[in-house]
Protein chains: 2
Amino acid sequence: MKKTNPSFLNGVPELLVLRLLSRREMYGYQIVDEIRTQTRETLSFGEGCVYPYLHYLEAQKQVSSQRREVDGRNRNYYKLTTRGGKRLEELTSEWKRVTAGVALLMEGQHA
Amino acid sequence: MKKTNPSFLNGVPELLVLRLLSRREMYGYQIVDEIRTQTRETLSFGEGCVYPYLHYLEAQKQVSSQRREVDGRNRNYYKLTTRGGKRLEELTSEWKRVTAGVALLMEGQHA
DNA sequence: TTGACATACATCATAGTTATAGGTATTATC
DNA sequence: GATAATACCTATAACTATGATGTATGTCAA
């Protein structure tokens with residue numbers, strides 16, 4: 001199941017997950033929740049989207065995980081690797097490029 | 001083959017096609033070209049993406065078409081209907097909402 | 001103490017979208 | 001008269017996100 005570079009009309013979940021993990025380590029359930037709250041309910045990716053992404057990112061060595069018990073809960077904490085940081089930079093600039101392109105066409109004057 | 005509202009991580013081609021047709025009527029091949037040039041090569045949707053969309057939009061009565069010969073060429077000119085105009089407004093505000101959501105999470109300070 | 005709800009993980013089937021590759025036909029250009 | 005550009009079209013493959021479902025544990029109120 002090979003993945004090509006996202007066109008970034010998709011690929012937003014990967015971007016947001018990497019961005020969240022660039023701030024501090026987090027566990028899956030928390031990521032699902034924070035995507036929803038930090039975007040003020042604008043975006044909401046379900047667990048069925050986020051968990052497979054985390055597994056994929058770990059297989060790519062963009063994140064590493066550590067199982068830990070906190071508050072009587074077993075959680076898989078993920079943190080960004082150096083490679084993941086580079087990937088985040090790539091995806092961020094790609095996202096900016098695409099939104100800028102859309103803006104050009106949407107706002108462009110003439111015909 | 002019903003289509004739901006795009007999450008707008010997809011749906012960009014529909015948005016751009018409607019936007020172009022909101023300015024003036026155009027034909028398919030021209031739309032393919034102008035998406036590429038007006039976004040300064042940032043975005044490029046092939047004919048295999050644009051033509052099916054035009055057919056879909058016509059089936060939805062969001063655009064209407066008229067075959068015409070111009071410069072010795074047979075072209076299908078498309079123009080926006082009232083319904084298409086409303087749809088464009090919807091998709092535009094949805095796109096803004098989503099990009100604003102991404103920006104919130106990406107730029108948000110704290111953790 | 002039990003039932004409901006939230007937390008936390010996981011996977012699968014399906015639906016929907018875009019990309020790729022191919023196909024036809026006409027007109028311009030060299 | 002060959003090649004490239006214009007102009008249309010379709011089918012298939014690849015990918016993503018959703019929604020359903022499943023497990024297990026912890027919390028809290030009745």
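Every chain is numbered from 1 and lettered A, B, ... according to where its sequence line falls, protein lines coming before strand lines. The analysis underlying the following values was restricted to heavy atoms, covering all of them including side chains, and did not include hydrogens, waters or symmetry mates.
- Look at CZ on B:R36: it is 13 Å from C1' on D:dA5, rounded to the nearest Å.
- Salt-bridge annotation for B:E90 and B:R87: present, with a side-chain N of the basic residue lying under 4.0 Å from a carboxylate O of the acidic one.
- Computed from coordinates, the B:E47 CD to C:dA21 P distance equals 14 Å when rounded to whole Å.
- Across all strands shown, B:G46 has no heavy atoms under 4.0 Å from either base or sugar-phosphate atoms.
- Look at B:Y56 and you won't find any side-chain N or O under 4.0 angstrom from OP1 or OP2 of C:dT17.
- Rounding to whole angstrom units, CE of residue A:M26 and P of C:dA8 are separated by 11 Å.
- Within 4.0 Å of A:D71, counting heavy atoms only, lies no atom of the nucleic acid at all.
- Going from atom CG of A:D33 over to atom C1' of C:dC9 covers 15 Å, rounded to whole Å.
- The nucleotide whose nearest atom lies closest to any side-chain atom of B:F45 is, among C:dT18, D:dC8, C:dA8, C:dT18.
- Side-chain contact of A:T81 with A:Q62: a donor-acceptor pair under 3.5 Å is absent, judged by distance alone.
- Look at CG on B:L43: it is 13 Å from C1' on C:dT18, rounded to the nearest Å.
- Taking only side-chain nitrogens and oxygens, B:Y29 comes nearer than 4.0 Å to OP1 or OP2 of D:dT6.
- Taking atom CD on A:Q66 and atom P on C:dA8, their separation rounds to 16 Å, with Å as the unit.
- Between A:G48 and A:R73, the one whose closest nucleotide on DNA chain D sits nearer the 5' end is A:G48.
- A:G28 comes within 4.0 angstrom of the backbone, heavy atoms only, and of no base.
- Within a 6.0 Å sphere centred on CZ of B:R68, heavy atoms belonging to other residues, nucleotides or ligands number more than 12.
- Under 4.0 angstrom from either OP1 or OP2 of C:dA10 there lies no side-chain N or O belonging to A:Y51.
- Between the C1' atom of D:dA7 and the NE2 atom of B:H55 lies a distance of 11 Å, rounded to the nearest Å.
- If you run side chain to side chain donor-acceptor pair (under 3.5 Å) between A:S65 and each of A:R75, A:E58, A:E25, only A:E58 comes through.
- B:R19 contributes no side-chain N or O that, together with a main-chain N or O of A:E107, makes up a donor-acceptor pair within less than 3.5 Å.
- Side chain B:R75 to base D:dT6: no donor-acceptor pair is found below 3.5 Å.
- Going from atom CG of A:L15 over to atom C1' of D:dA17 covers 16 Å, rounded to whole Å.
- A salt bridge does not link A:R23 with A:E34: every distance from a Lys NZ or Arg NE/NH1/NH2 to an Asp or Glu carboxylate oxygen is 4.0 Å or more.
- In the set C:dT7, D:dC8, D:dA17, the nucleotide with an atom closest to the side chain of A:P13 is D:dA17.
- Distances shorter than 4.0 Å separate none of the side-chain N or O atoms of A:Y27 from OP1 or OP2 on C:dC9.
- Closest contact between the side chain of B:N76 and the listed nucleotides C:dC9, D:dC8, C:dA19 involves D:dC8.
- No contact: A:Q30 has no heavy atom under 4.0 Å from any strand.
- When the nucleotides D:dC8, D:dA17, C:dA19 are ranked by their closest atom to the side chain of A:C49, D:dA17 comes out on top.
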